[in-house]
2 protein chains.
Amino acid sequence: MKKPTDAELDILAILWQLGPSSVRTVHEALNEQREVVYTTTLKTMQVMTEKGLLRRDTSQKTHIYEAAIQAKMLQEDVVDKVVNTLFAGSPLNLVMHALGNNPTSRQDLDKIKELIKKLEKEK
Amino acid sequence: MKKPTDAELDILAILWQLGPSSVRTVHEALNEQREVVYTTTLKTMQVMTEKGLLRRDTSQKTHIYEAAIQAKMLQEDVVDKVVNTLFAGSPLNLVMHALGNNPTSRQDLDKIKELIKKLEKEK
DNA sequence: CATAATCTACGATATTTATCGTACGACAAA
DNA sequence: TTTGTCGTACGATAAATATCGTAGATTATG
């Protein structure tokens, strides 16, 4: 599977969040991030469909698109690349960065502690 | 500062790791990842120098290049984008993914626990 | 010195990605 | 039925990236 470009990833993210949607809906969400004209969004989504990144239902006048791939399918590759280039190959560095730079609730911290406990047991 | 492309990021990562190096050295490291001809690497590094991503010492016949920006300067933007697109906007998801998908030593887990303790105190 | 090896410079082109305009069909409202 | 709105299709082009070849200078080697 060919990996999505930056602009395509933005559209995928919107569809992952909203679920099946029309071009109009995606376009409006996209425009909150950056300005593009409608036909650009349309064209991009058509290309993405050809690439197999999206699927669409054309039974109505207004086509409904949905993501054909899941975020899960990209996470590993992307995180690997980020870790290897920006964090000196150390996932630990990335984790420390993410925790240090984002407000994390007590509940979330608890979840991490739990995972750590589990990992320690496995050793 | 204009953000580096994917190919440029590979070269930056090499220079961050090796420190100041000749084009030849970078090229050889790069070829372990993907095949390119020497002049492609050279040209890319020349362009990167114009963009301000690299600096070079031309006092010798063989020019020596070094990174003009630090990984730190890109981490936040890149991680934000990854979190927002691939991890539903939740840094926690990224952290869990990184921990779950990579072997992490006991020492590293300790470091994370320590950071968590500190974060909890700050609340 | 002659020849080969190593480098830089740089233009040309290929490839990929992104953007936009025009045409035209469907449909609803005046 | 005429007009306006909303939608798709799709070609054209722009812009950004990546790749490569050739020329010529410098340095090392026989």
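These values consider heavy atoms only, across backbone and side chains, with no hydrogens, waters or symmetry-generated copies. Note on naming: letters A, B, ... go to the chains in the order of the sequence lines (proteins, then strands), and numbering restarts at 1 for each one.
The CD-P distance, from Q33(B) to dA18(D), rounds to 14 Å in whole Å. The separation between L53(B) atom CG and dA18(D) atom P is 12 Å, rounded to whole Å. When rounded to the nearest whole Å, the span between NZ of K3(B) and C1' of dT17(C) equals 13 Å. A straight line from CD of E8(A) to P of dT16(C) spans 13 Å, rounded to a whole angstrom. Rounded to a whole Å, the CG atom of D57(A) is 14 Å from the C1' atom of dT8(D). Going from atom CD of E50(B) over to atom P of dG11(C) covers 10 Å, rounded to whole Å. In this structure, Q60(A) places its CD atom 12 Å from P of dT8(D), rounding to the nearest Å. Remark: P of dT16(C) and CG of D6(A) are 17 Å apart, rounded to the nearest angstrom.
Once rounded to the nearest 0.5 Å, the distance linking CD1 of I11(B) with CG of L54(B) reads 7.5 Å.
One N or O donor and one acceptor, one from the side chain of K61(B) and one from the base of dT26(D), sit under 3.5 Å apart.
With hydrogens and angles disregarded, a donor-acceptor distance shorter than 3.5 Å links the side chain of T44(A) to the backbone of T40(A). In this structure, E50(B) contributes its side chain and V47(B) its backbone to no donor-acceptor pair below 3.5 Å. A donor-acceptor pair under 3.5 Å links the side-chain atoms of N101(A) to the main chain of H97(A), judged by distance alone.
Relative to the side chain of T40(A), the nucleotides dC20(C), dA18(D), dA9(D) differ in distance, and dC20(C) lies closest. The side chain of H63(B) lies closest to dA9(C), out of dT6(C), dA9(C), dT17(D). When distances run from any side-chain atom of V37(A) to the nucleotides dC20(C), dT17(D), dT19(D), the shortest one goes to dC20(C). Proximity note for T62(B) (side chain, C-beta onward) versus dT17(C), dT8(D), dC7(C): the nearest is dC7(C). Of all nucleotides listed (dA9(D), dA9(C), dT17(D)), dT17(D) comes nearest to the side chain of K51(B).
Neither OP1 nor OP2 of dC7(C) sits under 4.0 Å from any side-chain N or O of R56(B). At dT8(D), one or more side-chain N or O atoms of Y38(A) fall inside 4.0 Å of OP1 or OP2 (strictly under the cut-off).
With Y38(A) as the aromatic partner, R24(A) meets the cation-pi criteria of under 6.0 angstrom to the ring centre and within 45 degrees of the ring axis.
A side-chain N or O of H27(B) and one of N31(B) form a donor-acceptor pair less than 3.5 Å apart.
If you check every strand for non-hydrogen atoms under 4.0 Å, T39(A) touches a base. Backbone-only engagement by T5(A) is indicated by non-hydrogen atom pairs under 4.0 Å involving sugar-phosphate atoms exclusively. Residue V47(A) is classed as having no contact, given no heavy-atom separation below 4.0 Å to the nucleic acid. Nucleic acid contact for Q46(A): base, since at least one base atom lies under 4.0 Å from a heavy atom of the residue.
Map R24(B) and K43(A) each onto its nearest nucleotide of DNA chain C; the residue landing nearer the 5' end is R24(B).
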